[in-house]
There are 2 protein chains.
Amino acid sequence: MDGVPQPTIERLVIYYRYLKKLVAHDDDKVISSLDLGHSVGVSAAQVRKDLSYFGEFGCKGVGYNVSNLKKSLEQILGFNQNWPIVLVGAGNIGRALVNYPGFKVMGLNIIAIFDCDLDKIGNRVGGLIVKSNKEIERVIKDKGVELAIIAVPVDEAQGVAEKLVKAGIKAIWNIAPVTLKLPDNVLVYYEDLASSLVTLTYRLSQKRLKARSN
Amino acid sequence: MDGVPQPTIERLVIYYRYLKKLVAHDDDKVISSLDLGHSVGVSAAQVRKDLSYFGEFGCKGVGYNVSNLKKSLEQILGFNQNWPIVLVGAGNIGRALVNYPGFKVMGLNIIAIFDCDLDKIGNRVGGLIVKSNKEIERVIKDKGVELAIIAVPVDEAQGVAEKLVKAGIKAIWNIAPVTLKLPDNVLVYYEDLASSLVTLTYRLSQKRLKARSN
DNA sequence: TAGATTGTTAATCGATTAACAATC
DNA sequence: TAGATTGTTAATCGATTAACAATC
């Protein structure tokens, strides 16, 4: 079961969060694709299409049972699984991610944080103690970790990535703004904070130009 | 000049970063779309197409002058402009963003940070002092700020967003994982850290399933 | 001139939207 | 039964890739 578009997975997370809120408020027990979509800024057709990749969760003429749909999404997205994650880089962003509250509910579990800076090693970050980069391989192998986050300065990212892959990492979420050169079988997803913001300033400029020419 | 795809803008930022590195090393003075693309993980055709939205920057049979192309991208992406930004939320992520080194070079300039927590107001973050949310409107109007970052807890995000829009904000980069309900003329871009990571774990699961069935 | 590489057009691919039969 | 809403198929839209004439 693949060929599911990337954007679909991201939207499923959005639907999940909204449904969770509904269940907590013990609000509607049933929701239509129209209402769900409207609440999260997605078309009804898109909601139905997204869900249809995974099965039939609704009831024609009625809608979706909120609690059941939520459970189905947990299943689809693997929130019931435990995903141990190692994070390299105990700078501002690394520390923020360790303390990010949104991960745990999705089974995302940062189990270790590493840095090469002697001033940082030994410090407490969230519930973790910063370990030396030298321990990366041991920890990954011990715990069978497959997923890593790179939050080191640009110049160190490639070296760290190679080290991670050598230790057995299968997927990397890279926050350092560089393209990594890694074997094709390693999944890499880039989180580029600056480029995201720049698309906004670019659109803002465009709007200004248009406004001026009208 | 619009109809430029969103992904194109994001890639231009990537090209820019790589060219900057080349210029610093005073490496090649000229680069082909093939080499540039290869270096950042994009096809040569894609590189040429991306640039073609904005003009002709290369020389047939030769390639692109690295230094000139870099300057052109600065111009296109507005890096020579100054974009004052206000940030609401002095938690871990907010503080990390104020200290993020990648913004300044792109003209992105966080000029104020706000929070409603009395324990945080007055604290120093990077070069800024955390101000009370009550000052949001005054600062935005005084400085003519159009762009804001929301990095507050989910429950506060909608309220903060409305406050920002009322004060004159035209574009919001929202890091809180909620869909904001705002007038259509306000640009909103969502940075959803958890959903990004979940797409990775999802793909990882898929790969496992495939591996097992082979 | 021969080789390289651009800029652009046409072909392909993939994701979103619209429409509607099925059915609760 | 009439109204509502799903799941799915076909149509549309948008972005990427391939191909190639132009030309350095």
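So you know, we letter chains A, B, ... as the sequences are listed, proteins then strands, and number each from 1.
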J.: Tell me whether the side-chain N/O atoms of B:R48 come closer than 4.0 Å to OP1 or OP2 in C:dT6.
T.: yes
J.: In plain terms, say whether A:R208 and B:E146 are close enough for a salt bridge, that is, a side-chain N and a carboxylate O under 4.0 Å apart.
T.: yes
J.: To the nearest 0.5 Å, what is the distance between CD1 on A:I113 and CG on A:L128?
T.: 7.0 Å
J.: Judged by each residue's nearest nucleotide on DNA chain D, which is more toward the 5′ side, A:G61 or A:S52?
T.: A:G61
J.: On the nucleotide C:dT16, are OP1 or OP2 found under 4.0 Å from the side-chain N or O atoms that A:R11 carries?
T.: yes
J.: Tell me whether the OP1 or OP2 atom of C:dG7 has a side-chain N or O from B:Y64 closer than 4.0 Å.
T.: yes
J.: If I take atom CD1 in residue A:I9 and atom C1' in nucleotide C:dT16, what distance separates them, rounded to the nearest angstrom?
T.: 16 Å
J.: Using Watson-Crick or G-U wobble geometry with both distances under 3.5 Å, which nucleotide pairs with C:dA15?
T.: D:dT12
J.: If only atom types and distance count, is the side chain of B:Y202 paired as donor or acceptor with the main-chain N or O of A:E10 below 3.5 Å?
T.: no
J.: Between D:dT16, C:dT16, D:dT8, which nucleotide gets closest to the side-chain atoms of B:K49?
T.: D:dT16
J.: Measure from CD1 on B:I31 to C1' on C:dT6 and round the result to the nearest Å.
T.: 14 Å
J.: Which comes earlier along DNA chain C counting from the 5' end, the contact point of A:K60 or that of A:P5, where each point is its nearest nucleotide?
T.: A:P5
J.: Using whole Å, what does the distance between atom P of nucleotide C:dA15 and atom CD of A:Q6 come to?
T.: 9 Å
J.: B:D115 side chain to B:D117 main-chain N or O, any donor-acceptor pair under 3.5 Å?
T.: yes
J.: Please report the distance, rounded to the nearest Å, between CG in A:L34 and P in D:dG3.
T.: 18 Å
J.: Answer yes or no: does a side-chain N or O of B:S33 lie under 4.0 Å from OP1 or OP2 of C:dT5?
T.: no
J.: From CG of A:L51 over to P of D:dG7, roughly how many Å is that when rounded to an integer?
T.: 7 Å
J.: Does A:Q46 make a side-chain N or O approach to OP1 or OP2 of C:dA15 shorter than 4.0 Å?
T.: no
J.: Counting only Watson-Crick pairs (N1-N3 plus N6-O4 or O6-N4) and G-U wobbles (N1-O2, O6-N3), all under 3.5 Å, who is the partner of C:dG7?
T.: D:dC20
J.: Compare the minimum distances between each of D:dA10, C:dT6, D:dT17 and the side chain of B:S32, then state the nucleotide with the smallest one.
T.: C:dT6
J.: I'd like to know if the side chain of A:N99 and the backbone of A:R95 have a donor-acceptor N/O pair within less than 3.5 Å.
T.: yes
J.: Assuming nearest nucleotide by heavy-atom distance, tell me which of A:C59 and B:G63 is located more 5' along DNA chain C.
T.: B:G63
J.: A:E56 has an atom CD; how far is it from atom P of C:dA22, in whole Å?
T.: 14 Å
J.: Over how many whole Å does the gap from B:F57 atom CZ to C:dT8 atom C1' extend?
T.: 15 Å
J.: In this structure, how many angstroms lie between the P atom of D:dA15 and the CD atom of B:E10, rounded?
T.: 12 Å
